[in-house]
There are 2 protein chains.
Amino acid sequence: MKIGELARVTGANIETIRYYERIGLLPEPHRTAANYRSYGEAHRSRLAFVRHSRDLGFTIEEVRSLLDLSDHPERDCGEADRIATRHLSQVEEKIAQLQVLRDELARIIGRCRGGLAGDCRVIEALGDHGYCEGRHA
Amino acid sequence: MKIGELARVTGANIETIRYYERIGLLPEPHRTAANYRSYGEAHRSRLAFVRHSRDLGFTIEEVRSLLDLSDHPERDCGEADRIATRHLSQVEEKIAQLQVLRDELARIIGRCRGGLAGDCRVIEALGDHGYCEGRHA
DNA sequence: CTTGACCCTGTAGCTGCTACAGGCTGCATA
DNA sequence: TATGCAGCCTGTAGCAGCTACAGGGTCAAG
């Protein structure tokens with residue numbers, strides 16, 4: 001399978017596949033006589049692992065560790081659990097932050113009744129006059 | 001006020017302030033005889049506006065538009081409302097995505113009972129064997 | 001024999017900062 | 001007066017994680 005087909009079946013971008021190879025996340029595949037990359041099932045499945053991990057928000061370095069564990073089934077999986085658990089709590093924290101943010105945005109927008117920018121509550125709220133007494137306390 | 005003090009009172013980083021000036025978000029301040037930047041109240045308040053907008057997750061380009069409106073109080077504030085409303089829906093979408101992600105992470109982690117990586121459900125779930133029948137459907 | 005789709009390498013760009021290197025200025029202290 | 005140190009200056013490079021070229025080779029169909 002050439003790179004274009006691998007891209008199609010995994011949903012990854014061709015440039016991204018080459019990028020992953022460059023940073024050592026994917027192994028260098030064999031090359032055809034014309035110097036084209038040639039992939040097999042192992043490559044496909046490894047790339048799927050990477051894409052899925054990335055979709056879940058793991059960083060490249062976390063993916064590297066998870067791949068490493070996946071390559072060494074005799075090791076203890078506690079490390080995988082730690083990585084995933086830490087990531088989960090980061091996701092939860094991010095959700096909480098975004099919820100605070102959403103509420104403040106909604107509050108600001110709710111006050112806009114149209115008209116001139118000079119009287120606009122959205123603009124005003126972004127300045128430091130009408131802003132949110134004690135929010136950082 | 002010199003750049004260090006402006007940084008202190010606004011909570012922004014010195015490098016960031018110079019960066020904002022470079023990209024035209026903040027106007028070039030006067031310089032002292034020694035070529036030091038010299039800021040006044042207008043600069044402070046503009047920087048506070050920028051920081052607050054950035055804290056709310058607006059992009060630099062969105063901040064530029066909002067600043068522009070703030071500089072022209074005679075314009076219609078509908079644009080500010082549109083920018084903020086669009087941003088709000090992006091935030092809401094991001095929250096929804098992260099919640100899906102959190103649930104899947106929690107599900108994956110919940111299945112790990114320790115032991116060897118070869119038997120680890122976390123590792124397994126990241127591959128494409130046990131993964132997600134029809135999730136992308 | 002040409003067209004067009006595909007592949008190659010290498011490099012630069014994106015966002016929003018942050019971190020130097022290498023050099024001035026200004027003020028306090030010995 | 002010398003010296004040290006904090007603070008300022010410019011310019012450039014780095015971060016994550018791709019993405020987008022430019023400029024070229026390869027291959028099958030018509």
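Just so we're on the same page: letters track the sequence lines, and every chain starts at 1.
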>> Working note: Arg37(A) + Glu21(A), criterion side chain to side chain contact (heavy atoms under 4.5 Å, CB included); need CA distance, chi angles, decisive distance, verdict.
In response: CA-CA 11 Å; Arg37(A) 288 172 178 80; Glu21(A) 178 184 327; 2.8 Å; yes
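Of all the residues in residues 27-37 of chain A, Ala34(A), Tyr36(A) reach under 4.0 Å from DNA chain D with at least one non-hydrogen atom. Non-hydrogen atoms lying under 4.0 Å from DNA chain D are contributed by Asn13(A), Glu15(A), Thr16(A), Tyr19(A), Tyr20(A), all within residues 7-20 of chain A.
For Ala48(A), the side chain to side chain contact (heavy atoms under 4.5 Å, CB included) partners at least two apart in sequence or on another chain are Arg44(A), Asp128(B). Checked against side chain to side chain contact (heavy atoms under 4.5 Å, CB included), Ala96(B) has no partners two or more places apart in sequence or in another chain.
The side-chain heavy atoms of Leu101(B) and Gln97(B), taken from C-beta on, include no pair separated by under 4.5 Å. Annotation: side chain of Val63(A) is not in contact with side chain of Leu126(B) (no heavy-atom distance under 4.5 Å). Side chains of Ile17(B) and Tyr39(B) form a contact here, defined as non-hydrogen atoms less than 4.5 Å apart.
Within a 6.0 Å sphere centred on CD of Glu74(A), heavy atoms belonging to other residues, nucleotides or ligands number more than 12.
Here Ile23(A) lies out of heavy-atom contact (under 4.0 Å) with every strand.
Bracketed by its first and final contacts, the part of DNA chain C lying under 4.0 Å from non-hydrogen atoms of chain A reaches from dC6(C) to dT9(C) in 5' to 3' order.
When the C1' atoms of four end pairs are superposed on the next four at each end of the helix from dC1(C)-dG30(D) to dA30(C)-dT1(D), using five pairs per end, the two resulting axes differ in direction by 30°, to 10°.
Between Asp71(B) and Arg46(B) a salt bridge is recorded (basic side-chain N to carboxylate O distance below 4.0 Å). Between Glu5(A) and Lys2(A) there is no salt bridge, since no side-chain nitrogen of the basic residue lies less than 4.0 Å from a carboxylate oxygen of the acidic one. Salt bridge Asp55(A)/Arg51(A): present, at least one basic N to carboxylate O contact under 4.0 Å.
We find the CG-SG distance between Leu66(B) and Cys77(B) to be 11.0 Å, quoted to the nearest 0.5 Å. Atoms CZ and CD1, from Arg8(B) and Ile14(B) in turn, are 8.0 Å apart once rounded to the nearest 0.5 Å. Here the straight-line distance linking atom CG of Leu69(B) with atom CD of Glu79(B) works out to 6.5 Å at 0.5 Å rounding.
Residue-to-nucleotide proximity on DNA chain D shows that, of Lys2(B) and Arg22(B), the 5′-proximal contact is made by Lys2(B).
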